[in-house]
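Everything quoted here is computed from the prediction, not taken from an experiment. Chain identifiers are assigned alphabetically (A, B, ...) following the order of the sequence lines, protein sequences preceding nucleic acid strands; residue numbering begins at 1 within each chain.
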There are 2 protein chains.
Amino acid sequence: MKTLRLTMSDRAILLSARFFARLPRTAAEAILEGATVSTHEAHDTLFRQDDPTDDVIVVLSGLVRLFRLGKDGREADIAVSQKGEMIGVNAVFLDRRATANAQAAEPSIVARLEGGKLRQLAAEDSDVAQALLELVCHHGKMTEDCLAEDRLLTAPQRVANYILSHCPIGSESFSFRLPFQKNVLAGKLGLAPEALSRAFSTLRRSGVIVKGRMIEIRDRQALEQF
Amino acid sequence: MKTLRLTMSDRAILLSARFFARLPRTAAEAILEGATVSTHEAHDTLFRQDDPTDDVIVVLSGLVRLFRLGKDGREADIAVSQKGEMIGVNAVFLDRRATANAQAAEPSIVARLEGGKLRQLAAEDSDVAQALLELVCHHGKMTEDCLAEDRLLTAPQRVANYILSHCPIGSESFSFRLPFQKNVLAGKLGLAPEALSRAFSTLRRSGVIVKGRMIEIRDRQALEQF
DNA sequence: GTCATGAATTGACCCGCATCAAACAACTTC
DNA sequence: GAAGTTGTTTGATGCGGGTCAATTCATGAC
């Protein structure tokens, strides 16, 4: 891990991230005050569950996996964050202890914002507070979605859902490239890699073609009723 | 369902709820401005998933179950809220559509606060914004906990966890009364009622005694390493 | 080109829990 | 009290998916 200052292009990425985009420029700049940047190899740990921490992390490039550890060492993914997404907001507004482990899933660059500064700005600037509220609500909803999917859907259904969520509305057939290894996708969906593989092969019968990271679907209807 | 105005004791319950307790009195009073109260029978639906809504609900008494519906009609509980807990905050700060169904799990009384007013106050009063942020972060963490439990723990482990979460630290043996039907507990833990029953009977071998709604534990150690 | 390493797939097996059905217990309601 | 209603437990069975092991595929090093 190397620590650096913010370059201009880092700033540009940050300012175009969902959270900052809705803020007035001055507020966004104020938050970035004092931010640092670091680069990480795949499998680097950014922070550990229950560690005291007062940083919010923004992914600038690469991929960060957020997961909890079971007593037996098994891992359960809570979220997978890519460029522009924020991590650790909950902790900063609760007890300043990480709620999960964070680990780079591929070579990654992240920015660290000071939690103290964020709290202070949230108190002074209602735009910031508003943006944070929306962000956290959105995170909450994502997690709810995940929980509901886990409880209601089988593996092929979850995968079908994931594929459909990448399909522009209206198009009947289309294709896209997985944004990360199947490995990671499996974790995100709460599956073992083998189960993901089997799910794909089940979906083949419904017109899903998988070649490496490329996914192609030929019959949207069939997917939806899965 | 009957709609009423706030009584004095309703006010008292609200003001002592976690969310309001940390607010200055005037801010709390301002939020309660325009609140209404309604009573519900068991199984009454308070709102439905995807329904447009702009209310935040506070449970005054009874129990409200929050769940998503699968295509096949199966239900997945997202949360179970008791006295003093708030529901629907996410929706009010996102797209004003309910993210789940809400249903009274027993005869219940709830207060409805206007989402518009809440948004307005959050923008004007940083105390309110702060309290909301903490509330939503807390909700988010609860949901994360739930997701991680689902993925990492077996049924008996989840039940053991639940019991331990009601056990005052340090005490080696103790007993308490379930705050709701086993039915509801099963849903909250993501189990079928039968599975909960079997989990209890497994835990009997570790010193857990179940009589109706009363739970008694004799050996905390045994529970913890389950 | 060969070789080495890690990812993805496939098969075999097993465990956990949902489901269905039926017995039982605990409350209502009259 | 009796009888109906609703919640809980127990048993039998089947499916989903986790785990382990072996193979195939992809990628990069040399």
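When the side chain to side chain contact (heavy atoms under 4.5 Å, CB included) test is applied to A:R11, the partners found at least two apart in sequence or on another chain are A:L6, A:M8, A:E29, A:L32. Residues satisfying the side chain to side chain contact (heavy atoms under 4.5 Å, CB included) test with A:T154, not counting sequence neighbours, are A:P156, A:Q157. Remark: A:E114 pairs with no residue by the salt bridge (Lys or Arg N to Asp or Glu O under 4.0 Å) rule, at least two apart or across chains. Remark: A:A91 pairs with no residue by the side chain to side chain contact (heavy atoms under 4.5 Å, CB included) rule, at least two apart or across chains.
Pairs passing the salt bridge (charged side-chain N to carboxylate O under 4.0 Å, His left out) check and including a residue from residues 212-226 of chain A, sequence neighbours excluded, read A:E216-A:R218, A:R220-A:E224. Applying the ring pair (Phe, Tyr, Trp, His ring centres under 6.0 Å) rule to pairs touching residues 139-165 of chain B yields B:Y162-B:H166, sequence neighbours excluded. For residues 186-197 of chain A, the set of pairs meeting the salt bridge (charged side-chain N to carboxylate O under 4.0 Å, His left out) definition, not counting sequence neighbours, is empty. Within the structure, salt bridge (charged side-chain N to carboxylate O under 4.0 Å, His left out) pairs that include any residue of residues 157-177 of chain A comprise A:D150-A:R158 (at least two apart or interchain). The salt bridge (charged side-chain N to carboxylate O under 4.0 Å, His left out) analysis of residues 137-149 of chain B, with sequence neighbours excluded, yields the pairs A:R68-B:E144, A:R68-B:D145, B:K141-B:D145.
Between B:R96 and B:T53, the side chains place no donor N or O within less than 3.5 Å of an acceptor N or O (distance only, hydrogens not considered).
From one end of the helix from C:dG1-D:dC30 to C:dC30-D:dG1 to the other, with five pairs defining each end axis, the axis direction shifts by 40° (rounded to 10°).
In 5' to 3' order, the nucleotides of DNA chain C bounding all contacts with chain A (an atom under 4.0 Å from a heavy atom) are C:dA7 to C:dA12.
Distance, B:E106 CD to D:dT6 P: 16 Å, rounded to whole Å. The distance from atom CZ of B:F180 to atom P of D:dG7 is 15 Å, rounded to the nearest whole Å.
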Heavy atoms under 4.0 Å is the rule here; annotate nucleotides 9-21 of chain D 5' to 3' with B where the base is hit, S where only the sugar-phosphate is, and - elsewhere. SBBB----SSBB-
